[in-house]
Amino acid sequence: MTRLDWTSQPGGALHGSVRVPGDKSVSHRSLMLGALADGTSRIRGFLEGEDTRATAAVLQQLGVRIDTPADGERVVHGVGLHGLRGTTQQLDCGNAGTGMRLLAGLLAGQAFDSMLVGDESLSKRPMRRVTDPLALMGARIDTQDGLPPLVVRGGQVLHGISYTLPVASAQVKSALLLAGLYADGETEVIEPHPTRDYTERMLAAFGWPIDFAPGRAKLTGRHALHATDVDVPADFSSAAFFLVAASIVPGSELRLPAVGLNPRRTGLLHALRLMGADIRIENERESGGEPVGDLLVRHAPLHGIELPEALVPDMIDEFPVLFVAAAAAKGRTVVRGAAELRVKESDRIATMARGLRALGVAIEEAPDGATIDGGAIGGGSIDSHGDHRIAMSFAVAGLVASGMVHIGDCANVATSFPRFLELANGCGFRLA
């Protein structure tokens with residue numbers, strides 16, 4: 001991937017309506033369940049990002065026909081639960097941690113061997129948290145000392161287990177539930193904190209009997225998935241950058257239509273409101289089992305808070321931009337209970353702390369969070385370490401910085417938000 005750097009600087013108030021891309025989590029899962037279903041599923045609002053395209057390419061290598069009638073649309077011709085075909089080729093997940101972890105569960109119950117590989121960033125991400133519980137179900141997955149590539153051995157007899165996650169993770173839960181489709185008996189996953197329930201909602205939409213509530217899910221194997229049409233809501237994680245941007249830039253007002261408001265994803269919304277943000281939800285409705293609404297955000301002076309730990313699992317992807325909101329707020333913000341940030345695309349606590357310090361912000365790291373003293377943000381140079389959410393967060397910081405913010409290594413933004421520059425500059429950012 002060619003190196004790409006950005007500069008961000010103040011450009012005045014933000015205005016307009018910003019339709020952010022489709023939800024990445026829903027896009028991944030709709031492809032996988034559509035592939036395993038009987039019949040043809042149509043997906044609208046599909047995220048045209050590198051991560052989701054990588055998942056589509058893997059499924060096509062496994063014998064699934066996926067058509068693209070238009071940008072943001074996919075037609076998945078399902079092959080049924082046992083219709084995937086093995087390949088001797090490596091299955092390249094690119095930068096998609098969600099893709100790799102969910103596919104590990106899905107492939108654990110197949111009759112053939114598979115090898116899942118990823119890019120340099122994904123190859124450093126821990127996989128034992130998925131492979132260890134799958135092994136308890138009877139799966140055989142070889143790793144490189146707990147890291148990718150993953151060699152998933154076919155022909156294993158899987159059995160259901162009741163598993164309590166040591167660390168709350170929607171990806172691990174989803175991998176176990178997908179393996180559970182192929183397992184004898186009941187698979188139950190219990191979480192220390194409730195995580196996003198996209199897989200559970202979508203399994204139900206595809207007709208699989210599943211019992212779930214916040215913090216637990218269980219299903220039995222050997223049923224069938226039935227094709228269904230999926231309208232993918234706009235991604236809350238992508239909307240998050242604009243929510244913070246309009247909150248901190250004086251005179252701003254932005255509308256974000258049709259954003260997914262799954263309660264397990266909207267922790268940042270509650271956190272920003274606790275900080276004094278002016279965010280309204282309008283036109284609330286349901287789409288494909290997911291709650292959706294239009295968000296209207298206006299500038300409001302933010303103040304520091306002690307973030308309630310109960311919100312942490314529901315905003316794990318939004319912490320980089322929350323750190324920017326905290327840096328722009330008046331007073332001190334304290335974050336604890338977010339140790340998972342250390343094993344995302346980068347160590348997000350360390351990377352954000354280094355970047356904010358480079359811009360003159362006082363921030364003190366903790367093993368599971370940080371303490372940020374808000375106020376003035378200066379100009380300077382930061383390195384995103386190839387982490388798309390870090391890059392976009394510092395693009396937001398540049399809106400209120402006293403000088404230009406130079407952001408290094410931004411090419412990976414295309415994995416989750418391919419039109420970010422275009423949409424951001426269209427509503428008032430000055431990004432180059």
Side-chain angles (χ1 to χ4, degrees), residues 8 97 121-122 124-126 129 146-147 166-169 192-193 195 237 240-241 244 247-248 267-268 270-272 274-275 302-403 405-410 412-413:
S8 176
S121 165
L122 183 53
K124 295 174 185 164
R125 296 182 67 182
R129 55 202 300 205
L147 302 175
V167 177
S169 166
H193 310 286
T195 63
S237 292
F241 303 103
V244 171
S247 294
I248 65 177
L268 179 76
H270 302 295
L272 289 174
L274 288 174
M275 296 173 80
L302 301 185
H303 56 80
I305 58 167
E306 224 169 277
L307 183 75
E309 278 198 36
L311 290 178
V312 169
D314 299 341
M315 55 182 292
I316 207 71
D317 283 335
E318 287 73 51
F319 272 100
V321 80
L322 174 79
F323 279 28
V324 170
K330 187 176 181 181
R332 174 171 286 184
T333 296
V334 180
V335 173
R336 291 291 182 272
E340 190 180 341
L341 293 174
R342 298 229 179 244
V343 293
K344 301 299 279 184
E345 281 84 337
S346 68
D347 177 340
R348 284 184 174 156
I349 295 172
T351 308
M352 286 303 299
R354 272 196 302 272
L356 287 173
R357 278 190 208 107
L359 304 183
V361 176
I363 175 169
E364 189 179 316
E365 277 185 63
D368 63 342
T371 300
I372 301 161
D373 287 308
I377 297 176
S381 291
I382 72 102
D383 189 340
S384 77
H385 292 277
D387 188 321
H388 51 133
R389 299 198 197 280
I390 302 269
M392 290 184 279
S393 296
F394 280 106
V396 173
L399 294 170
V400 291
S402 60
V405 175
H406 182 274
I407 308 159
D409 201 5
C410 303
N412 268 341
V413 169

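Treat the numbers as computed from the prediction; the structure is a model and nothing was measured. Positions are given from 1 along the sequence. Hydrogens, waters and symmetry mates are skipped; everything else that's a heavy atom, side chains included, is used.
Of all non-hydrogen atoms in Glu318 and Ala240, the two that sit nearest each other are CG-CB, 3.8 Å. Nearest heavy-atom pair across Val405 and Gly378 is CG2-O, 4.1 Å. Scanning all heavy atoms of the two residues, the minimum distance from Asn412 to His388 falls at O-CB, 3.4 Å. Smallest separation of non-hydrogen atoms from Asp317 and Ser237: CB-OG, 3.9 Å. The two residues Ala397 and Ile377 make their nearest non-hydrogen contact at O-CG2, 4.3 Å. Contact detail for Ala329 and Gly304: the closest heavy-atom pair is CB-N, 4.1 Å.
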Worksheet item: Hey, mind stepping through His193 and Val312 against side-chain contact (heavy atoms from CB on, under 4.5 Å) and telling me if it holds?
Response: CA-CA 9 Å; His193 310 286; Val312 169; over 6 Å; no
Worksheet item: Does the pair Val321 and Met392 meet the rule for a side-chain contact (heavy atoms from CB on, under 4.5 Å), with working shown?
Response: CA-CA 8 Å; Val321 80; Met392 290 184 279; over 6 Å; no
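For Arg332, the salt bridge (Lys or Arg N to Asp or Glu O under 4.0 Å) partners at least two apart in sequence or on another chain are Asp373.
For the atom pair Leu302 CG and Leu274 CG, the distance stands at 11.5 Å (nearest 0.5 Å). Rounding to the nearest 0.5 Å places OG of Ser393 at 5.0 Å from CE of Met352. Here Phe394 contributes atom CZ and Ser8 contributes atom OG; the two are 11.0 Å apart, rounded to the nearest 0.5 Å. The distance from atom CG of Asp409 to atom NE2 of His385, rounded to the nearest 0.5 Å, is 8.5 Å. Note: Leu268 CG to Phe319 CZ = 9.0 Å, rounded to the nearest 0.5 Å. Here the CD1 atom belonging to Ile407 is positioned 5.5 Å from the CD1 atom belonging to Ile382, to the nearest 0.5 angstrom.
Between Phe323 and Val335, the closest side-chain pair of non-hydrogen atoms falls below 4.5 Å.
Residue pairs meeting the salt bridge (charged side-chain N to carboxylate O under 4.0 Å, His left out) criterion with at least one member in residues 377-386, sequence neighbours excluded, do not occur. For the side-chain hydrogen bond (donor to acceptor under 3.5 Å, both in side chains) condition, the pairs that include at least one residue of residues 358-368, sequence neighbours left out, are Arg342-Glu365.
Each of Arg125, Arg348, Arg354 was compared with Asp387 under the salt bridge (charged side-chain N to carboxylate O under 4.0 Å, His left out) criterion, and only Arg348 meets it.
Side-chain atoms of Asp314 never come within 3.5 Å of backbone atoms of Gly267 as a donor-acceptor pair (strictly under, hydrogens ignored).
More than 12 heavy atoms of other residues, nucleotides or ligands lie within 6.0 Å of NE2 in His270, so this atom counts as buried by the packing criterion.
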